[in-house]
Participant: 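Next up is a structure, given as structure tokens.
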Amino acid sequence: MKTTIAEVGKHVNESVTIGVWLHNKRSSGKIAFLQLRDGTGFIQGVIVKSVVGEELFEQAKHLNQETSLYVTGEVVEDKRSPLGYELQVSGFEIIQEAHDYPITPKEHGTEFLMDHRHLWLRSKKQHAIMKVRNEIIRATYEFFNDEGFVKIDPPILTGASAEGTTELFHTKYFDEDAYLSQSGQLYLEAAAMALGKVFSFGPTFRAEKSKTRRHLIEFWMIEPEMAFMDHDDSLVIQENYVQHLVQSVLKNCDMELDVLERDKEQLKKIKAPFPRITYDEAIEFLKKEGFDDIDWGDDFGAPHETAIAEAHDQPVFITHFPTEIKAFYMQPDPNNEKVALCADLIAPEGYGEIIGGSERIYDYELMKKRYEEHGLEGPAYEWYLQLREYGSVPHSGFGLGLERTVAWISGTEHIRETIPFPRLLNRLYP
RNA sequence: UCCAGCGUAGCUCAGUGGUAGAGCAGUUGGCUGUUAACCAAUUGGUCGCAGGUUCGAAUCCUGCCGCUGGAGCCA
């Protein structure tokens with residue numbers, strides 16, 4: 001009977017056939033151990049000379065790493081196995097023999113592994129990270145569907161930038177100039193006026209020459225946008241969403257977190273509501289901690305974010321940033337025009353900012369004034385201003401960076417391992 | 001773009017002026033419970049590239065290329 005490694009628990013003491021790749025092997029004179037994987041998991045096949053005969057045993061001893069084969073054998077429970085089961089091999093059929101697989105079961109450097117990313121994905125740790133990523137994606141759809149959001153897909157080819165600050169990838173759109181989307185937000189605001197609560201989930205592109213463990217050139221973002229919701233309403237959605245992601249991974253990726261040696265106790269502590277501190281309080285805190293390289297009006301650098309995160313064992317909202325260091329569309333605080341109704345969510349353990357969000361300006365005159373101040377006039381913005389002309393309402397939204405969130409929850413040091421094929425500065429291959 | 005470090009066997013690295021090395025992988029043999037198995041033998045080199053100093057350069061100097069980490073910017 002054909003099955004998968006994930007399903008062997010249902011076939012104890014039965015003979016099954018599984019399509020697998022040989023991950024590693026160890027052999028002695030009369031017994032060999034085959035480390036097998038099939039995409040759903042890893043299992044050890046035990047092959048004994050006296051059971052399978054000399055010819056098959058000799059063949060098994062000479063199987064190369066990553067050779068593909070159909071293995072047949074009896075599923076047996078075994079306490080020595082991390083999975084709890086082993087396969088007592090009775091026979092196998094080689095599909096294709098592999099030769100000189102580059103990624104040996106020893107240590108390798110980053111450049112070598114990244115050059116072989118198409119093969120590196122087969123390894124245990126990368127497999128586990130991709131499963132955690134998938135769980136976060138699944139839980140995202142679950143959360144927003146349960147909360148009554150409608151998924152909206154904004155365009156990837158756009159005529160202009162959302163924020164006008166960061167570098168955009170330029171391309172041609174027949175005879176016109178076009179840019180790859182760096183955010184779907186403006187389009188989501190339009191959609192929120194049509195459908196109330198919406199979210200997008202898609203790739204975004206930043207042509208920044210960033211070269212750190214927290215940056216990708218192409219990354220995936222979840223961007224909810226909610227009509228009739230103010231800044232505080234939005235923070236509640238954000239913390240419930242992030243809590244749901246952590247809970248879902250703890251519940252459905254226990255084995256993967258073990259493979260990744262993630263400290264699960266840190267994740268179990270994550271409970272909404274999350275602490276909120278204002279930008280003013282954050283500056284004061286940093287001064288007290290001995291940072292003399294930051295003053296009111298400066299944006300935080302990575303060391304500042306880490307210092308604030310380390311003071312808490314929960315994600316932390318930093319709210320009310322100065323208007324001038326934030327995007328043009330953010331609603332000024334009615335109690336203090338110098339700061340905006342916005343928040344960044346900083347992940348614990350030094351993983352950095354995972355969410356940026358704000359209440360949006362909905363007054364037509366103020367939005368028009370901001371456009372002029374930022375020199376953003378042009379036909380591409382006309383439709384965005386019209387949203388403030390025809391039944392404008394208060395609304396808020398935020399963007400969560402998928403890969404940074406995967407890095408934090410899975411405990412992965414560098415963001416490049418949290419996306420199947422990372423696009424980095426100097427890396428477009430494979 | 002700036003700052004720092006690195007570049008030697010398929011991989012990970014040692015070698016800092018005098019014959020090019022180790023571990024792993026590969027190959028051959030041994031071993032009935034291995035967990036990156038172990039033991040023995042063995043194959044494997046444009047020392048990133050170009051120029052310079054020197055009797056002699058992997059080693060010292062200059063330039064270039066590539067990579068890694070960080071900064072700025074941001075999710």
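Convention: sequence-line order gives letters A, B, ...; per-chain numbering from 1.
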Participant: Could you give the side-chain donor-acceptor pairs of residues 273-280 of chain A under 3.5 Å, partners two or more places apart or in another chain?
Facilitator:
residue	atom	partner	partner atom	Å
A/Arg276	NH1	A/Glu239	OE1	2.9
A/Arg276	NH1	A/Phe274	O	2.8
A/Arg276	NH2	A/Glu239	OE1	3.4
A/Arg276	NH2	A/Glu239	OE2	3.2
A/Thr278	OG1	A/Glu281	N	3.1
A/Tyr279	OH	A/Gly297	N	2.9
A/Tyr279	OH	A/Asp298	N	3.2
A/Tyr279	OH	A/Asp298	O	2.5
A/Asp280	OD1	A/Trp296	NE1	2.8

Participant: Once you round it to whole Å, what is the distance between C1' of B/A71 and CD1 of A/Ile294?
Facilitator: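 So the two atoms are 14 Å apart, to the nearest Å.
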Participant: Within the sub-3.5 Å range, which N or O atoms of nucleotides 41-48 of chain B have a protein N or O partner, and how far apart are they?
Facilitator:
none

Participant: Return the nucleotide paired to B/G66: Watson-Crick means purine N1 to pyrimidine N3 with N6-O4 or O6-N4, wobble means G-U with N1-O2 and O6-N3, both under 3.5 Å.
Facilitator: B/C6
Participant: Say you pick atom C1' in B/U46 and the same atom in B/A57; how far apart are they, in whole Å?
Facilitator: 15 Å
Participant: Looking at residues at least two apart in the chain, or sitting in another chain, which of them share a side-chain contact (heavy atoms from CB on, under 4.5 Å) with A/Glu284?
Facilitator: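 Result, side-chain contact (heavy atoms from CB on, under 4.5 Å) vs A/Glu284: none returned.
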Participant: Say whether, by atom type as modelled, one donor and one acceptor occur between the side chain of A/Ser396 and the main chain of A/Met229 under 3.5 angstrom.
Facilitator: yes
Participant: Scan for ring pair (Phe, Tyr, Trp, His ring centres under 6.0 Å) pairs involving residues 98-131 of chain A, sequence neighbours excluded, and state none if there are none.
Facilitator: A/Phe42-A/His127, A/His108-A/Phe112, A/Phe112-A/His116
Participant: May I ask you to verify whether the side chain of A/Ser210 and the base of B/C74 hold a donor-acceptor pair under 3.5 Å?
Facilitator: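 Not at all, since no donor on one side and acceptor on the other fall under 3.5 Å apart.
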Participant: Classify the nucleic acid contact of A/His215 as base, sugar-phosphate or nothing, counting any heavy atom under 4.0 Å across all strands shown.
Facilitator: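 Here A/His215 touches the bases of the nucleic acid.
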Participant: With A/Phe149, which residues qualify under ring-ring contact (aromatic ring centres under 6.0 Å, His included), at least two apart?
Facilitator: A/Phe144
Participant: Among residues 343-360 of chain A, which ones have heavy-atom contacts with RNA chain B below 4.0 Å?
Facilitator: A/Glu353, A/Ile354, A/Ile355, A/Gly356
Participant: Mapping A/Arg404 and A/Gln65 onto RNA chain B by nearest heavy atom, which one lands closer to the 5' end?
Facilitator: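 Its nearest nucleotide being more 5', the pick is A/Gln65.
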Participant: Among all residues two or more places apart in sequence or in another chain, which pass the side-chain contact (heavy atoms from CB on, under 4.5 Å) test with A/Gln59?
Facilitator: A/Leu56, A/Phe92, A/Ile94
Participant: Centre-to-centre under 6.0 Å for A/Phe300 and A/Phe291, is that the case here?
Facilitator: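 Between A/Phe300 and A/Phe291, the centre distance exceeds or equals 6.0 Å.
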Participant: Any chance you could list the contact pattern along nucleotides 5-14 of chain B? Use B for base contacts, S for sugar-phosphate-only contacts and - for none, protein heavy atoms under 4.0 Å, 5' to 3'.
Facilitator: ------SS--
Participant: List the protein contact pattern of nucleotides 27-35 of chain B with one symbol per nucleotide (5' to 3'): B for base contact, S for sugar-phosphate-only contact, - for none; contact means a heavy-atom distance under 4.0 Å.
Facilitator: SS--BBBBS
Participant: Taking 4.0 Å as the cut-off, does a side-chain nitrogen or oxygen of A/Arg214 come that near to OP1 or OP2 on B/A71?
Facilitator: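 For A/Arg214, the contact criterion (side-chain N or O under 4.0 Å from OP1 or OP2 of B/A71) is met.
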Participant: Any pair with a residue in residues 409-430 of chain A that passes ring pair (Phe, Tyr, Trp, His ring centres under 6.0 Å), sequence neighbours left out, goes on the list, sorted by first then second residue, please.
Facilitator: none
Participant: Any residue in residues 296-303 of chain A with a heavy atom nearer than 4.0 angstrom to RNA chain B? Just list them by number, or reply none.
Facilitator: A/Asp299, A/Gly301, A/Ala302
Participant: Applying a 3.5 Å limit to both distances, which nucleotide forms a Watson-Crick or G-U wobble pair with B/A20?
Facilitator: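 Paired with no nucleotide.
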Participant: Please state how far atom CZ in A/Phe321 lies from atom P in B/C74, giving the value in whole angstrom units.
Facilitator: 11 Å
Participant: If you take any heavy atom closer than 4.0 Å to RNA chain B, which residues from residues 116-147 of chain A end up in contact?
Facilitator: none
Participant: Identify, between A/Leu425 and A/Arg213, the residue whose nearest nucleotide on RNA chain B lies closer to the 5' end.
Facilitator: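 The answer here is A/Leu425.
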Participant: With rounding to the nearest 0.5 Å, note down the distance linking CZ in A/Arg133 to OG1 in A/Thr405.
Facilitator: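 Going from the CZ atom of A/Arg133 to the OG1 atom of A/Thr405 covers 10.5 Å.
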